[in-house]
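Okay, so here's the structure we're looking at.
What you see is a predicted model, and the numbers here were worked out from it, not measured in a lab.
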2 protein chains.
Amino acid sequence: MATINDVAKLAGVSPTTAKRALNEPHKLQPHTLEKVQWAIRELDYEPDLTAGALRRGRNMTVGLLVADIVEPFFAELAREVSVRLRSSNYGLLLADNEYQSEIELHNLRHLAGQRVSALIMRPSYGPGNREYLLKMQDKGTYIIEIDHHMPDSPFDFLMLDHEQSVRAGLEHLWSLGHTRIAGLGTYDAELYPEWRAHHFDHIMREHGHPVLSAYREIIRYNEQDAYEFTRYLLNLPERPTALFAFNGTEAIGAYRAIQDAGLRIAEDVSLLAFDNLPWTHMVSPGIDVIEQPIKQMGELLVQQVLKNIDGPRTPMQLLLPGKLIVRGSCGMASAES
Amino acid sequence: MATINDVAKLAGVSPTTAKRALNEPHKLQPHTLEKVQWAIRELDYEPDLTAGALRRGRNMTVGLLVADIVEPFFAELAREVSVRLRSSNYGLLLADNEYQSEIELHNLRHLAGQRVSALIMRPSYGPGNREYLLKMQDKGTYIIEIDHHMPDSPFDFLMLDHEQSVRAGLEHLWSLGHTRIAGLGTYDAELYPEWRAHHFDHIMREHGHPVLSAYREIIRYNEQDAYEFTRYLLNLPERPTALFAFNGTEAIGAYRAIQDAGLRIAEDVSLLAFDNLPWTHMVSPGIDVIEQPIKQMGELLVQQVLKNIDGPRTPMQLLLPGKLIVRGSCGMASAES
DNA sequence: TTGTATGCGTTATCAC
DNA sequence: GTGATAACGCATACAA
């Protein structure tokens, strides 16, 4: 494996000069430049990123810590970020937290040990790792949160405008006459501080239709819990006329539960969901969804991260609007109780 | 940031001893061990992985190069690998190739520069980067291919038994009376050397029902191409009675095309697909699929990779069987032409 | 059982 | 424009 010293020797220059041929070629005399470039080709020189990382205190990667890479939202975001990073010589160090701060801490330790240049992360619940993250930030790692952000969190963030999105969804349902609406999961400051559930509660109350207490339960946003909770809801004497799934995974569980209960989507019960997943336009009727601008998120994130790795910090605290896509899974609220 | 030297100084021992407290604690006297552990806690010592990487010539990550992280197969595999890596102090450096060897080379350069300890990769087409990969291997990087493997490729591999899987699928279709079956994509040694398409052709011929030349076209395995090709197939005078989608993304395109053509799944045209994606059991009838044992793959991969990073090389050239799941999207071949 | 010394390849500072 | 030199933090060979 050729090092920059080998290149320098072969070209008859110093390592400093040899490196400049790669980083600041304009500062070299054409003649010198050519000699070095020839030597680089001759030896197949490729820089050792680990040596550079040790010297500079950060490596050439961006850490991306998602909740779960299998959730399509995170998979798509990972791709967008990865693709855009390509033109910058940065790589992507992937980690997850399964929404749990112990797992998160384990992975943060690794990312910090690897000296990632920047960290894009979906925070887990609770203030658990804030101290650790602040230490990372102090050591020069740029940190930006995605998808979720606590008001007292000191970090930059870029996420969906959950409030606007929930409101857009509810206005859609209201316009169809729905008032008995159940959200798939209830906000809990300690256990489950999810914004979509929080705004759902708040906006419903504000609109004069507080969510029935029978509809309120703290569940996790996965297929299984969503399935079971939906079955429960559909069996209530006062069953909801519309269901609001707070992410794409929940929507799958809800959809299956509705089918298994022998009910028809739209006619018997309406379904509205976050995340525009492929299957939502393949069933019939198609599912009404609120789509996140994932491409835009990826673009803005990479831009912001690269700008902030070197150069001075430019704050970014951004909410992006969700887009309602209507396909037919929400029907008129029927008169039947 | 505390280094191991700081720890050593505070504990009044040498750096070597301090490190041993972490790596080989049994080799220290209880008293020494305690002193060092105290100092580690006192200083919040965490190892600098970049320094270790430089020194050892490889970092504490495994490179995972997929074709496209958005394809659920790769997303799920990434999660399985990531989860299992957690108990080993290794991280995951993620990259893709979009099936193109230029993109692949770019990312390989990065992975090699980062000195990944091992590389799990889905190869792109063509022999393009073999030379580069061999150089990586010579420098000590353990390499194993997934999902696809050329017979003359010198690397280990772990993938689905494509031949067995295709045969299982076809026997299912034959048992329902189908003979006019179209695979969504045709094998081409140069342009598109995909095994599933290859075995499809071969097994159909072997069985006495060579694929009609009207059904043969080289397409890429994405939703759009699959959609268009399916529309074309369904418009043929001798249209196929069954379609075989070679991955989950193709299946989506085919499904939509069938719907848009106003045909009924199973009654009018049967659909069989690779990959057991969530939506395939949510539509009705559910889609008959061939499922890959992704969890097992992740487990075996991590096991093999960790064993081969240190220790002597133990070869692994493994085909795992696919599992046919029947849900109803394949009906009897109708008599109508 | 513990300690000493060296070098991994790069980058940054400073001198020429 | 170019070059010499030092230091990043760790792992290893070797010495004690």
Side-chain angles (χ1 to χ4, degrees), chain A residues 1-37 39-40 43-61 89 109-110 112-115 117 139-140 309-310, chain B residues 1-37 39-40 43-61 89 109-110 112-115 117 139-140 309-310:
Chain A
M1 197 60 209
T3 75
I4 197 65
N5 283 295
D6 301 332
V7 172
K9 226 166 284 171
L10 182 59
V13 299
S14 75
T16 317
T17 303
K19 241 327 178 184
R20 270 206 264 269
L22 292 169
N23 297 331
E24 317 162 290
H26 56 280
K27 288 195 175 177
L28 294 190
Q29 281 197 335
H31 174 65
T32 320
L33 182 56
E34 251 174 70
K35 269 194 311 186
V36 176
Q37 285 172 336
I40 286 175
L43 296 174
D44 266 341
Y45 169 73
E46 290 182 19
D48 181 335
L49 266 17
T50 68
L54 172 59
R55 180 58 236 242
R56 277 178 312 184
R58 46 195 149 84
N59 73 1
M60 294 299 284
T61 73
N89 288 304
R109 278 191 215 282
H110 182 87
Q114 292 284 3
R115 303 290 188 264
S117 297
K139 281 189 297 170
I309 284 176
D310 313 294
Chain B
M1 198 60 209
T3 75
I4 196 65
N5 281 296
D6 301 332
V7 172
K9 225 167 284 171
L10 182 59
V13 300
S14 75
T16 317
T17 303
K19 244 320 177 191
R20 269 205 264 268
L22 291 169
N23 297 332
E24 317 163 288
H26 56 280
K27 289 195 173 177
L28 294 190
Q29 283 197 334
H31 173 66
T32 320
L33 183 57
E34 251 174 71
K35 270 194 311 185
V36 176
Q37 286 174 335
I40 286 175
L43 296 175
D44 265 343
Y45 169 73
E46 290 182 18
D48 181 336
L49 266 19
T50 68
L54 172 59
R55 177 61 231 249
R56 278 177 312 180
R58 46 194 149 84
N59 74 1
M60 294 299 284
T61 73
N89 288 306
R109 277 191 215 282
H110 183 86
Q114 292 284 3
R115 303 289 188 264
S117 296
K139 281 188 298 172
I309 284 176
D310 313 295

Could you state the interatomic distance from [atom1] ([X]) to [atom2] ([Y]), rounded to the nearest 0.5 Å?
| X | Y | atom1 | atom2 | value |
| --- | --- | --- | --- | --- |
| B/Leu49 | B/Asn59 | CG | CG | 7.5 Å |
| A/Arg20 | A/His26 | CZ | NE2 | 9.5 Å |
| B/Lys35 | B/Leu28 | NZ | CG | 10.0 Å |
| A/Leu33 | A/Leu22 | CG | CG | 9.5 Å |

Rounded to the Å, how far apart are [X] [atom1] and [N] [atom2]?
| X | N | atom1 | atom2 | result |
| --- | --- | --- | --- | --- |
| A/Met60 | C/dG9 | CE | C1' | 15 Å |
| B/Lys139 | C/dG9 | NZ | P | 11 Å |
| A/Ile4 | C/dC8 | CD1 | P | 15 Å |
| A/Glu46 | C/dG9 | CD | P | 14 Å |
| A/Met1 | C/dG7 | CE | P | 21 Å |

Test of understanding: with side chain to side chain donor-acceptor pair (under 3.5 Å), list the residues that count as partners of [X], not counting sequence neighbours.
| X | value |
| --- | --- |
| B/Lys19 | B/Tyr45 |
| A/Asn5 | none |
| B/Glu46 | A/Arg109, A/Tyr132 |
| B/Ser14 | B/Thr17 |

Salt bridge between A/Arg58 and A/Asp310, side-chain N to carboxylate O under 4.0 Å?
-> yes

How sharply is the helix from C/dT1-D/dA16 to C/dC16-D/dG1 bent, taking the axes over five pairs at either end and rounding to 10 degrees?
->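 Axis-to-axis angle, ends of the helix: 30°.
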
What residues in residues 22-30 of chain B put a non-hydrogen atom under 4.0 Å from any atom of DNA chain C?
->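 Contacts with DNA chain C under 4.0 Å: B/Lys27, B/Leu28, B/Gln29.
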
If you look at every heavy atom in B/Leu54 and A/Thr50, which pair is closest and at what distance?
->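 Scanning both residues, the minimum pair turns out to be CA-OG1, 3.5 Å.
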
B/Pro25 and B/Ala21: which non-hydrogen atoms are nearest, and at how many Å?
->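 What the structure gives for the nearest pair is CB-O, 3.6 Å.
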
Base, sugar-phosphate, or nothing: which does B/Pro47 touch, judged by heavy atoms less than 4.0 Å apart?
-> sugar-phosphate

Select base, sugar-phosphate, or nothing to describe what A/Thr16 touches, counting heavy atoms under 4.0 Å on all strands.
-> base

Among residues at least two apart in sequence or on other chains, which ones pass side chain to side chain contact (heavy atoms under 4.5 Å, CB included) with [X]?
| X | result |
| --- | --- |
| B/Ala18 | B/Ile4, B/Val7, B/Ala8, B/Val13, B/Val36 |
| B/Lys139 | A/Met1, B/Arg115 |
| B/Lys9 | none |

Taking only nitrogen or oxygen atoms into account, show me every contact under 3.5 Å that the protein makes with nucleotides 14-16 of chain C, one pair per line with its distance.
none

For residues B/Leu10 and B/Leu43, determine if any side-chain heavy atom of one lies less than 4.5 Å from a side-chain heavy atom of the other.
->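 Yes, their side chains come closer than 4.5 Å.
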
Under the side-chain contact (heavy atoms from CB on, under 4.5 Å) rule, what do B/His110 and A/Asn89 come out as? Steps first, then yes or no, please.
-> CA-CA 7 Å; B/His110 183 86; A/Asn89 288 304; 5.8 Å; no

Close approaches to DNA chain D from residues 48-58 of chain B, in residue order (heavy atom, under 4.0 Å) |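 Heavy-atom cutoff 4.0 Å gives B/Asp48, B/Ala51, B/Gly52, B/Arg55, B/Arg56.
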
Establish, with yes or no, whether the OP1 or OP2 oxygen of C/dT10 is under 4.0 angstrom from a side-chain nitrogen or oxygen of A/Lys19.
-> no

Report yes if at least one side-chain N or O of B/Thr17 is closer than 4.0 Å to OP1 or OP2 of C/dT2; otherwise report no.
->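 For B/Thr17, the contact criterion (side-chain N or O under 4.0 Å from OP1 or OP2 of C/dT2) is not met.
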
Would you grab the first and last nucleotide of DNA chain D (5' to 3') that comes under 4.0 Å of any non-hydrogen atom in chain A?
-> D/dG1 to D/dG9

